[in-house]
Number of protein chains: 2
Amino acid sequence: MNLRHLTFRLLEVYVTVVKTGSVTAAAQRLHLTQPTVSQQLKRLSESVGEPLLHHDRGGIELTEAGRELYRAALDVTGRFEDFGDYLAELGGGRRGRFSIALVNTAQYVLPRLLGPFSQAYPEVDLTVEIGNRQQVLERFERQLDDIYVFSHPPSLEHAAAARFLRNPLVMVAPESHPLAARASVHVNDILTERFLLREPGSATRMLFESWLQGQGVQLSGVLQMASNEAIRVAVASGMGLSVISRHVLPVAHPGLVVLPMQGFPIQSHWHFIVRRDRRLPHAALGFLEFVARSLESCLPPEYVCNEVEQLNKRLAELAH
Amino acid sequence: MNLRHLTFRLLEVYVTVVKTGSVTAAAQRLHLTQPTVSQQLKRLSESVGEPLLHHDRGGIELTEAGRELYRAALDVTGRFEDFGDYLAELGGGRRGRFSIALVNTAQYVLPRLLGPFSQAYPEVDLTVEIGNRQQVLERFERQLDDIYVFSHPPSLEHAAAARFLRNPLVMVAPESHPLAARASVHVNDILTERFLLREPGSATRMLFESWLQGQGVQLSGVLQMASNEAIRVAVASGMGLSVISRHVLPVAHPGLVVLPMQGFPIQSHWHFIVRRDRRLPHAALGFLEFVARSLESCLPPEYVCNEVEQLNKRLAELAH
DNA sequence: ATCTCGCATAGATAATTATCTATATATAGA
DNA sequence: TCTATATATAGATAATTATCTATGCGAGAT
């Protein structure tokens, strides 16, 4: 028996012949000509190395080997039908897994999308990676995840991006700070203030620094802190000023004031980023589709900026 | 998912890749080059319509679909291994079925071969058809059976034959018959005797008649009887003479004498006949092989005439 | 005896597969 | 940064497959 060239198609033809009990009938059902089926049978028989059937006034009669092959063929095609069903579920995005990598700040927002998604698609396994901008960027380079969320997207030709949420950066000060009472604050007012900022490379810091550069000024005292939480608490307790995403602020933020800084808030956006050179799992595509239609209901509409629909269209084109 | 061109070979390659965890290693094990395997994987992935694996520092990592395909592939190849085992049994002639068609007379002899064979190969299903020469000939024409046993083989170019047993035809008379006491009987002595014979077309009758023709004589009174048994009993009870196979006579045959007829016994042989245009089931080949080596021990050696060995050789050649 | 039906064979062709060698690319280690 | 190892891609080719049309052939039916 030589399985080398045995195809599922051949088994399908054989099964049809046995079921219909006639070569011609099988040919019709399969939209083939009779000689084609005849020849397939011959080839199958050669593959198996045994005669499979002979003709007996009208109907066909299976040999021992033929009967056994029929059983095996049914088992095998049935098994692959199951597999097909499974794939269909995968393909519908209803099942499977994908991973998403977030920059730190985004973890204040993304759960409001991921939560409802997981409820709607309980069969999808989801991995969330969180790191600072540098770490997520590296994951992106190494193609470790399916979807990435950046505030300041890497401008690589390998990526496709969609903005989905405005991310205004505000300047915060302790309630008791002199500037807190002002109706308006100018850049010159803050030059001597101590600032608590995330590490260099963090999007928030990069944006703030480039804003400062645009204003032609430079800060004197900067204190680096690794976490947004820590910064918030530190500012509240009077250690200095900071620039943070408005989403990081709780609705009520005791001890903190948002300064009416001129030129603020700095406008930035969160983006979904996917690699264009890698095909996304259907589950990930399913997530993006879910996002496209559920953004407004999951997040404060006034911040929403839904470009995900367009991203999905582009991805659908890329699939071809 | 398109199964049309999915071969078992492809699954085998895939399984090997997953098992070894490396494309190159799989290639070596399969005696292929690395690009070949690489390309096969690609094609398989296209067939399935999903990415199956990606590479992850050193090893490979399966996707959801890949994992499921691996399971399906194992099931399926395993199922066909079973089928292969079954075929091997069939192929060894240890299992399966075949049918053999006998002319009436042969049923006195063939059980002595079929019995031991069935004991030795209990998994082989055997169908024995019995009829007169005409009926068996017809079955032969219609290719209904695998092996045929004739006394006088049909001289068709589609057949291959092997003699296996001498079949002397003797002339029998009632014990009390005047000729029974004679030391020698001449053809002229029997011209007026009444003969009990099988129907025209029966081999025994044909041979006897052609013998008579050779002697230039013709019989007057012929009484036709359909069964050898009936003839034997009828002769013993004095109804006339007959010519029958010596094998039809019991070792002790009360009431009957074999006449010392000049020119008798008529020599004939039993033959195994198979069609040359039809491939025999292995079980049938197995039977013929069994016969070739067991003839002498199953049947009286003095009658044996073993040409079955040569027949088997010819059949083995035909198989190519 | 002739016709029809179902199947097999022959011959043809386009597509697909199997497989190679040579080369590019990427990742990990020195 | 250079090298070695593992994969992927490209290009080529022989074999195999899929499929057709046309035709032969045997068995029942008329």
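Lettering follows sequence order; numbering is per chain, from 1.
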Touch check for B:Thr33, heavy atoms < 4.0 angstrom, all strands: base, sugar-phosphate only, or nothing?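 Counting heavy atoms under 4.0 Å across all strands, the contact made by B:Thr33 includes a base.
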What contact category does B:Gln40 fall into here, base, sugar-phosphate, or nothing, at under 4.0 angstrom with non-hydrogen atoms?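 Sugar-phosphate, backbone atoms only, no base.
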5' priority, DNA chain C, between B:Leu32 and A:Ala25 [closest heavy atom]: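 Taking each residue's closest nucleotide, the earlier one in sequence belongs to A:Ala25.
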First of B:Ser47 and B:Thr36 reached from the 5' end of DNA chain C, by closest nucleotide: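 By nearest-heavy-atom nucleotide position, the 5'-most residue is B:Ser47.
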Under 4.0 Å between a side-chain N/O of [X] and OP1 or OP2 of [N], yes or no?
{"X": "A:His5", "N": "D:dT17", "answer": "yes"}
{"X": "B:Thr24", "N": "D:dA6", "answer": "no"}
{"X": "A:His31", "N": "D:dT19", "answer": "no"}
{"X": "B:Ser38", "N": "D:dT7", "answer": "no"}
{"X": "B:Arg9", "N": "D:dT17", "answer": "no"}

Taking atom [atom2] of [N] as reference, at what distance in whole Å does atom [atom1] of [X] sit?
{"X": "B:Arg4", "N": "C:dA15", "atom1": "CZ", "atom2": "C1'", "value": "12 Å"}
{"X": "B:Leu41", "N": "C:dT17", "atom1": "CG", "atom2": "P", "value": "15 Å"}
{"X": "A:Lys42", "N": "D:dT17", "atom1": "NZ", "atom2": "P", "value": "13 Å"}
{"X": "B:Leu10", "N": "C:dT19", "atom1": "CG", "atom2": "C1'", "value": "13 Å"}
{"X": "B:Leu6", "N": "C:dT16", "atom1": "CG", "atom2": "C1'", "value": "14 Å"}
{"X": "B:Gln28", "N": "D:dT5", "atom1": "CD", "atom2": "P", "value": "12 Å"}

CD-OG1 distance between A:Gln28 and A:Thr33, expressed to the nearest 0.5 angstrom: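 So the gap between those two atoms works out to 11.0 Å.
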Going by modelled atom types, is there a donor-acceptor pair between the base of C:dA8 and the side chain of A:Gln34 at under 3.5 Å? yes
Is the base of C:dT9 touched by the side chain of A:Gln39 through a donor-acceptor pair closer than 3.5 angstrom? no
If we only count heavy atoms from C-beta on, is the [X] to [Y] side-chain gap below 4.5 Å?
{"X": "B:Tyr14", "Y": "B:Leu41", "value": "yes"}
{"X": "A:Arg71", "Y": "B:Arg79", "value": "yes"}
{"X": "A:Glu50", "Y": "B:His282", "value": "yes"}
{"X": "A:Leu90", "Y": "B:Glu68", "value": "no"}

